[in-house]
Amino acid sequence: MGKSTENEKEWTNPADSCLVQITRSSDGHGKASDVGSHKLTPCSTANKPHQWWTIDFGHKRLVSPTAYSVVHGWADKGGALRYWVFEGN
């Protein structure tokens, strides 16, 4: 997620600015909003099947992703994603 305008001096996490809402199915490490950060911050759901994350851009925004990246896993090689589905509506 990028800056809203070129006039912005510094990037800020849009979830911390209430521009988007990020939620998850259960609490694990960190805050749900950490997935919107540019910093490598440990954040996760509980270690059980069928967990999910949502990023709600709001009803007034149109989002057309052309690419995305996922940074995942821990330093000890645990916690890596194995399967995921990228959806939108």
Side-chain angles (χ1 to χ4, degrees):
M1 292 182 271
K3 297 187 285 184
S4 0
T5 69
E6 290 300 317
N7 296 331
E8 284 186 59
K9 303 238 188 276
E10 278 186 44
W11 182 89
T12 57
N13 183 336
D16 292 342
S17 305
C18 298
L19 296 172
V20 300
Q21 289 190 351
I22 301 176
T23 55
R24 58 187 172 182
S25 55
S26 61
D27 288 336
H29 293 89
K31 303 178 297 184
S33 63
D34 290 341
V35 300
S37 177
H38 283 179
K39 296 177 183 173
L40 295 178
T41 305
C43 56
S44 65
T45 60
N47 185 16
K48 56 186 181 182
H50 309 294
Q51 299 298 288
W52 52 261
W53 293 84
T54 64
I55 302 174
D56 185 346
F57 292 92
H59 68 280
K60 293 186 177 185
R61 291 194 182 93
L62 175 63
V63 178
S64 295
T66 57
Y68 71 96
S69 63
V70 177
V71 177
H72 63 100
W74 305 99
D76 66 358
K77 297 187 173 119
L81 293 171
R82 290 177 185 81
Y83 309 98
W84 67 90
V85 177
F86 183 85
E87 298 179 324
N89 68 15

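- For the side-chain contact (heavy atoms from CB on, under 4.5 Å) test, no residue two or more places apart in sequence or in another chain qualifies with P49.
- For the pair T23/W52, a side-chain contact is recorded, criterion being any heavy-atom separation below 4.5 Å from C-beta on.
- Taking each heavy atom of I22 and A32 in turn, the nearest pair found is CG2-O, 3.2 Å.
- Other residues, nucleotides and ligands contribute only 12 or fewer heavy atoms inside 6.0 Å of the OH atom of Y83.
- Test V20, L19, L62 against F57 for side chain to side chain contact (heavy atoms under 4.5 Å, CB included) and you get one pass: V20.
- When atom types are taken as modelled, the side chain of S37 and the backbone of N13 share no donor-acceptor pair closer than 3.5 angstrom.
- Among residues at least two apart or in separate chains, salt bridge (Lys or Arg N to Asp or Glu O under 4.0 Å) pairs with a member in residues 13-34 are R24-D27.
- Note that OG of S25 is 11.0 Å distant from NE2 of H50, once rounded to the nearest 0.5 Å.
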Enumerate donor-acceptor pairs with a distance under 3.5 Å from any side-chain N or O in residues 39-48 to protein atoms, sequence neighbours excluded.
from, atom 1, to, atom 2, distance (Å)
S44, OG, H29, N, 2.9
S44, OG, H29, ND1, 3.1

